**Student:** 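This structure is in structure tokens; I'll ask about it shortly.
Note: hydrogens, waters and symmetry copies are ignored here, and every other heavy atom, side chains too, is used. In this text the structure is predicted, and so the values were computed from the model without any measurement. Residue numbers start at 1 and run along the sequence shown.
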Amino acid sequence: MRRIYEAPAYGPQGDCYWATTVDTPADSPLTGPLRTGVAVIGGGFTGLSAALHLARDGVEVTVLEAGHEGYGASGRNGGFCCLGGAKASPAMLQRRFGAQGLADWRATERAAIDTVRDLLAGNGIDADTHSDGETRIAHTPRAWRAMLAEAAESERVDGVPAHLTPPEALRDEGLGGPFHGALTLPLGFALNPRKYHAGLARAARAAGARIHGRTPVTALRRDGSWRLATPGGEVVADRVILATNGYSSEDLPDWLRARYLPVQSSVLVTDPIPDEALAAQGWTSHQMAYDSRVLLHYFRLMPDKRFLFGMRGGLTATPRAARAISARIRADFAAMFPAWRDVPVAHEWAGLVCLMSSLTPFVGPVPDHPGLFAGMGYHGNGVAMGSHSGRILADLVQGRASRARHPEAMRAVPRRFPLGRFRRALLAPAYAGALLFDL
């Protein structure tokens, strides 16, 4: 594999809280050659959703996951099933795809949440869901003024009333902290991503899909059929789905080179917080929340009273960078929730999210590669959009129009980033600019 970060960025799961909440299935690496109708590279939300929908349509499908099940971003994210999936602003989307294209994208964001809700309910998956939508916290008075202006527009576009919490009412609603107001949209919910992932895997297997963990695809070529090399044997498939997102390789296939940019994200989870400490901080809400910064923080009080707090990660994955980002996330946590500065941090880990140069996901056929499809680039919101993309891909692979919403914004073929294998260098000035904007 040819990847652009240091090896630890793709390394072990680390001290991920979610890994303590489910039993990781026994390894099931591929042993020997295999013939399948559809091979799915990557066993995260996109790959498992695609496999489940394909298997239920009677298609022979095999999932090949490089690590253990739940290894990548799908097993280590913050568990926010919410609006999102693109970093492109509404104005940018409207310029590129027109007013209808923007409306289609916004409708797809809502449909993606429904896709996850349907998968949970339809497959009996208990994923510790909570939170009535998502709350955005104003980190400055200027951000609060912007929220006041946005509220009416949000209701017009999303079809649901936005709830505004002025600064003086934050503590009464369990949102206490050094904040300047909040805006809540009742769309989406929080969940335990590993429980959701494990439930999807069980459902896919029950429907007839094969799933092989510890089976990295090391080469991909077409010779009439698609041939996928793995350490345990060659897989021959009629069609292939790439569902590797931020954990992709530059040469699987070469078309993918420089069309995506992995970015590190860091998360910590505390010990359960005593009731008196919750009251002292004034944060007792179980709403999933994020602040209004460009380089945002995301956080939520979970049902067991542990607190999850996440933010963007470092620019490199060296030990020195890991220590620096650990110090930074702990300092930011203490600054935003000062009453909890002495609450023990029980778990801390990092993972990769995936950006595209277009700032929109790509879900569709790979140009000039017959029988090859890809779904990737969710910009840190892959719980809903990755699950939805898998549903889209299951139809496209079968040669039919998607039964799920598939807007033009997701069909546009991604361009390559400048600087090729050195494109990580683009992050430093972008982060610096964002920090200035967030003041």
**Student:** When rounded to the nearest 0.5 angstrom, what distance separates OG in Ser285 from CG in Leu301?
**Tutor:** 8.0 Å
**Student:** Assess whether a salt bridge exists between Arg403 and Asp57, defined as any Lys/Arg side-chain N lying under 4.0 Å from an Asp/Glu carboxylate O.
**Tutor:** yes
**Student:** Between Arg391 and Asp118, is there a salt bridge with N-O shorter than 4.0 Å?
**Tutor:** no
**Student:** Would you say Ile392 and Met410 make side-chain contact, with heavy atoms under 4.5 Å?
**Tutor:** yes
**Student:** Does the Arg416 side chain pair with the main chain of Arg257, one donor and one acceptor, at a distance under 3.5 Å?
**Tutor:** yes
**Student:** Determine the minimum heavy-atom distance between Leu185 and Leu83, stating which atoms define it.
**Tutor:** CD1-CD1, 4.0 Å
**Student:** What distance separates Tyr247 OH from Ser249 OG, expressed to the nearest 0.5 Å?
**Tutor:** 14.5 Å
**Student:** Are the side chains of Glu6 and Thr318 in touch, meaning some heavy atoms are under 4.5 Å apart?
**Tutor:** yes
**Student:** Taking atom CZ of Arg222 as the centre, report whether more than 12 heavy atoms of other residues, nucleotides or ligands fall under 6.0 Å from it.
**Tutor:** yes
**Student:** Could you pull out the closest heavy-atom pair between Met1 and Pro216, with the gap in Å?
**Tutor:** CE-CB, 3.9 Å
**Student:** Closer than 3.5 angstrom, by distance alone: can the side chain of Thr21 be matched with the main-chain N or O of Ala19 as a donor-acceptor pair?
**Tutor:** no
**Student:** Using atom types as modelled and distance alone, determine if a side-chain donor or acceptor of Asp238 lies under 3.5 Å from a backbone N or O of Val38.
**Tutor:** no
**Student:** Indicate the atoms forming the closest heavy-atom contact of His379 with Ala86, along with that distance.
**Tutor:** ND1-CA, 3.8 Å
**Student:** Are Val217 and Thr244 side-chain neighbours, meaning at least one heavy-atom pair lies under 4.5 Å?
**Tutor:** no
**Student:** Is the closest side-chain heavy-atom distance between Leu120 and Lys195 below 4.5 Å?
**Tutor:** no
**Student:** Ion pair present between Asp114 and Arg110, side-chain N to carboxylate O less than 4.0 angstrom?
**Tutor:** no
**Student:** Check the orientation of His369 and Trp226. Use parallel for under 30°, tilted for 30 to 60°, and perpendicular for over 60°.
**Tutor:** parallel
**Student:** Do Met288 and Thr135 come within less than 4.5 Å of each other through their side chains, counting heavy atoms only?
**Tutor:** no
**Student:** For the residue pair Ala201 and Glu69, what are the closest heavy atoms and their distance?
**Tutor:** CB-OE1, 3.8 Å
**Student:** Tell me whether Arg320 at atom CZ has more than 12 heavy atoms from other residues, nucleotides or ligands lying less than 6.0 Å away.
**Tutor:** no
**Student:** Side chains of Val267 and Arg76: closer than 4.5 Å at any heavy-atom pair?
**Tutor:** no
**Student:** Is it the case that over 12 heavy atoms from other parts of the model lie below 6.0 angstrom from the CZ atom of Arg421?
**Tutor:** no
**Student:** For Asp104, does its backbone N or O pair with a side-chain atom of Thr108 as donor and acceptor, under 3.5 Å?
**Tutor:** yes
**Student:** Go through the side-chain N and O atoms of His388 and Thr115 and say whether any donor and acceptor fall under 3.5 Å apart.
**Tutor:** yes
**Student:** Answer yes or no: is there a side-chain heavy-atom contact under 4.5 Å between Val61 and Ile241?
**Tutor:** no
**Student:** Return yes if a side-chain donor-acceptor contact under 3.5 Å exists between Glu348 and Ser326, otherwise no.
**Tutor:** yes
**Student:** Quick one: pull up OG in Ser292 and CG in Asp438 and give me the separation to the nearest 0.5 Å.
**Tutor:** 8.0 Å
**Student:** Taking ring pair (Phe, Tyr, Trp, His ring centres under 6.0 Å) as the test, write out the residues that go with Tyr10, two or more places apart.
**Tutor:** none
**Student:** Less than 4.5 Å apart, side chain to side chain, heavy atoms only: is that true for Arg423 and Tyr260?
**Tutor:** yes
**Student:** Is Arg96 reaching over with its side chain to a backbone N or O of Ser358, donor-acceptor style, under 3.5 angstrom?
**Tutor:** yes
**Student:** Do Phe307 and Trp340 have ring centroids that are under 6.0 Å from one another?
**Tutor:** yes
**Student:** Does any N or O in the side chain of Gln281 come within less than 3.5 Å of the main-chain N or O of Gly176, such that one atom is a donor and the other an acceptor?
**Tutor:** yes
**Student:** Looking at Arg106 and Glu109, does any basic side-chain N land under 4.0 Å from a carboxylate oxygen?
**Tutor:** yes
**Student:** Looking only at atom types and distance, does a side-chain atom of Arg306 sit under 3.5 Å from a main-chain N or O of Val269, one as donor and one as acceptor?
**Tutor:** no
**Student:** Say you draw a straight line from OH of Tyr17 to CZ of Arg194; how long is it, rounded to the nearest 0.5 Å?
**Tutor:** 12.5 Å
**Student:** Where is the tightest heavy-atom contact between Pro303 and Asp128, given as atom of each residue plus distance?
**Tutor:** CG-O, 4.2 Å
**Student:** Please name the pair of heavy atoms, one in Ala409 and one in Leu93, separated by the smallest distance, quoted to 0.1 Å.
**Tutor:** CB-CD2, 4.3 Å
**Student:** Just do the side-chain contact (heavy atoms from CB on, under 4.5 Å) check on His406 and Asp395 with the steps written out, would you?
**Tutor:** CA-CA 11 Å; His406 186 204; Asp395 281 333; over 6 Å; no
**Student:** Drop me the distance from Arg411's CZ to Phe97's CZ, to the nearest 0.5 angstrom.
**Tutor:** 9.0 Å
**Student:** Would you verify whether the NZ or CZ of Arg424 falls within 45 degrees of the ring axis of Tyr5 while also being under 6.0 Å from that six-membered ring's centre?
**Tutor:** yes
**Student:** Carefully, step by step, assess Trp18 and Asn77 under the rule side-chain contact (heavy atoms from CB on, under 4.5 Å).
**Tutor:** CA-CA 9 Å; Trp18 308 125; Asn77 65 82; 5.6 Å; no
**Student:** Hey, could you give me the NE2/OG distance between His297 and Ser266, rounded to the nearest 0.5 Å?
**Tutor:** 10.5 Å
**Student:** Specify whether Phe333 and Phe337 have parallel, tilted or perpendicular ring planes, treating 30° as the upper limit for parallel and 60° as the lower limit for perpendicular.
**Tutor:** tilted
